[in-house]
Amino acid sequence: MKGKFQKPRGTQDILPLEQKYWFWIEDNFRAVMTAAGFGRIIFPTFEDTALFSRSVGEETDIVAKEMYTFADRGKNSLTLRPEGTAGVARAYIENGMHKEPQPVKLYYFGPMFRYDRPQAGRYREFYQGGAELFGEEDPIVDAQMIAVMIKFYKKLGLKNLVVQINSIGDAKGRPKLEKALVDFLSAHRRQLSAESKRRLAKNPLRVLDSKEKEDQAIADEAGGVLLDNLSKESKTYFTKVLEYLDDMGVKYELNPRLVRGLDYYTHTVFEIIDASTGLALGGGGRYDGLMKILGGPDTPAVGWALGVERTIDCLKKQKVDVPEGPSVDVFVIQLGDEAKKKAIRVIDELDEAGYSVGHALGRDSIKAQLRVADRNQARLAVILGEREVHDKSAIIRDLSDGSQESVADKSLSAAVGRKLKEKKK
RNA sequence: GUGGACGUAGCUCAGCGGUAGAGCUCUCGGUUGUGGUCCGAGCGGUCGUGGGUUCGAAUCCCAUCGUCCACCCCA
């Protein structure tokens, strides 16, 4: 049976068996971010379309061709969020958080939407975990943000991750930087790919991360041009970020060609890359100019986001031992009508005693019930038949070795507790 | 948005013009109230969908939807 419908392209059903990875990530994410002093924020899944086009940048692929934009019944143009930073920044301003003690540190976890052609690790609806820090401009803050991200990945148990880092200077220095870049690239215009030529006019920085073969040599050189033309302050800032990272024991690679796809970045930009696949698990950077663009008070900010599905792929690839989902301590089995009624009470009693209790009240044969117990990896079974109903007792069966004992009803939950304890040793 | 591969049972796949198959899963059974192993039986598919070619199509053709891969881009 296929049914009449299939899920929309690029979306996925995440079934119970898969959930252990999600819990592992969500739990660790929450723990690490909370410990680092970040507060959680939940913000709308859709926003005014203009919020994204302003902050992410009209020329970016995200805005130009990947947004899920629709008009609501009130004729407002809304867009399913393609990323988190714009929404969090908007919330910061709208809720007057600039009047709170700075820095304000926020984290989020939730779905994002981009109309893109699906591929490995790329979906139309996908989850990101992200963090933003507002109101402080100091190299050590940039370094700390990166360190927190690395800490999270470490806690997950992932290895072989590389931090790539670069600086694209501040807004003041940007004109000079772009001019130097344009001059350099124009001089080599004939060797550039068509796409790079287009970017040269619209967004010269993006030429740097071109993957076109013919662009490689020039882009490599252009990375050097970028570094050479950073303003003195920007260079100092960047150097300090790197020094702090050294002090924090965070390993990184300089990648002069790293520029990120969103317009709002300034100064530090970075990505976390899975060294075995070359795929970016997450990335971020500083975006001191964004707040003003959104009509808020001039507020410096740093942030990052990581892709949850990609992180899960990585966990699987590296065979990280992720804790299993909830296991069943004790499985209650009943035979006959009277026993079924008794089972209801026993299940309730064991549940209230704090055990995780399994049962298959809809099945009648003991064979079928034991099979279910086995599949649920239950550790003990409590068997109730007519005999036990009359004797006011129950049989406790150890499902790993098959040993059984009969206990009186009133000492049942105590006996279950004792048995479980024994098995742990 | 471009190029390529592929859509057959819940899952993994075979069949590639002549009445739908395997393995795994699942359900039941292997005598009286005992699972995981083993053995047996059974359930389960209008072969993604819609057209077309043909006496006849899962098999050929077209379209469409979806999946995967590369590019583009990104998380």
Applying a 4.0 Å non-hydrogen cut-off, can you work out what Ile383(A) is touching in the nucleic acid: base, sugar-phosphate, or nothing?
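Ile383(A): base contact, heavy atoms under 4.0 Å.
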Please report the distance, rounded to the nearest Å, between [atom1] in [X] and [atom2] in [N].
{"X": "Gln404(A)", "N": "G35(B)", "atom1": "CD", "atom2": "C1'", "answer": "11 Å"}
{"X": "Leu370(A)", "N": "C28(B)", "atom1": "CG", "atom2": "P", "answer": "12 Å"}
{"X": "Arg363(A)", "N": "G35(B)", "atom1": "CZ", "atom2": "P", "answer": "15 Å"}
{"X": "Asp61(A)", "N": "C71(B)", "atom1": "CG", "atom2": "C1'", "answer": "13 Å"}
{"X": "Tyr123(A)", "N": "U67(B)", "atom1": "OH", "atom2": "C1'", "answer": "11 Å"}

Suppose we call a contact any N or O donor and acceptor under 3.5 Å apart; does that hold for the side chain of Arg9(A) and the base of U67(B)?
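Such a pair does not exist between side chain and base.
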OP1, OP2 of G35(B) versus side-chain N and O of Gln369(A): anything below 4.0 Å?
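Looking at the OP1 and OP2 atoms of G35(B), neither is under 4.0 Å from any side-chain N or O of Gln369(A).
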Report yes if at least one side-chain N or O of Arg117(A) is closer than 4.0 Å to OP1 or OP2 of A70(B); otherwise report no.
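No, no such contact exists.
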Is there a donor-acceptor pair closer than 3.5 Å between any side-chain N or O of Thr49(A) and the backbone N or O of Ser77(A)?
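Yes: the side chain of Thr49(A) pairs with the backbone of Ser77(A).
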Could you walk me through whether Ser167(A) and Thr268(A) pass side chain to side chain donor-acceptor pair (under 3.5 Å), step by step?
CA-CA 4 Å; Ser167(A) 171; Thr268(A) 319; 5.8 Å; no
In whole Å, measure the gap between the C1' atoms of G10(B) and C43(B) for me.
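Approximately 12 Å lies between the C1' atom of G10(B) and that of C43(B).
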Any chance you could lay out the side chain to side chain contact (heavy atoms under 4.5 Å, CB included) test for Asp274(A) and Asp313(A), step after step, and finish with the verdict?
CA-CA 10 Å; Asp274(A) 173 7; Asp313(A) 285 348; over 6 Å; no
Strictly by ring pair (Phe, Tyr, Trp, His ring centres under 6.0 Å), give each pair with a member in residues 38-59 of chain A just once, sequence neighbours left out.
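Every pair satisfying ring pair (Phe, Tyr, Trp, His ring centres under 6.0 Å) with a residue in residues 38-59 of chain A: Phe43(A)-Tyr108(A).
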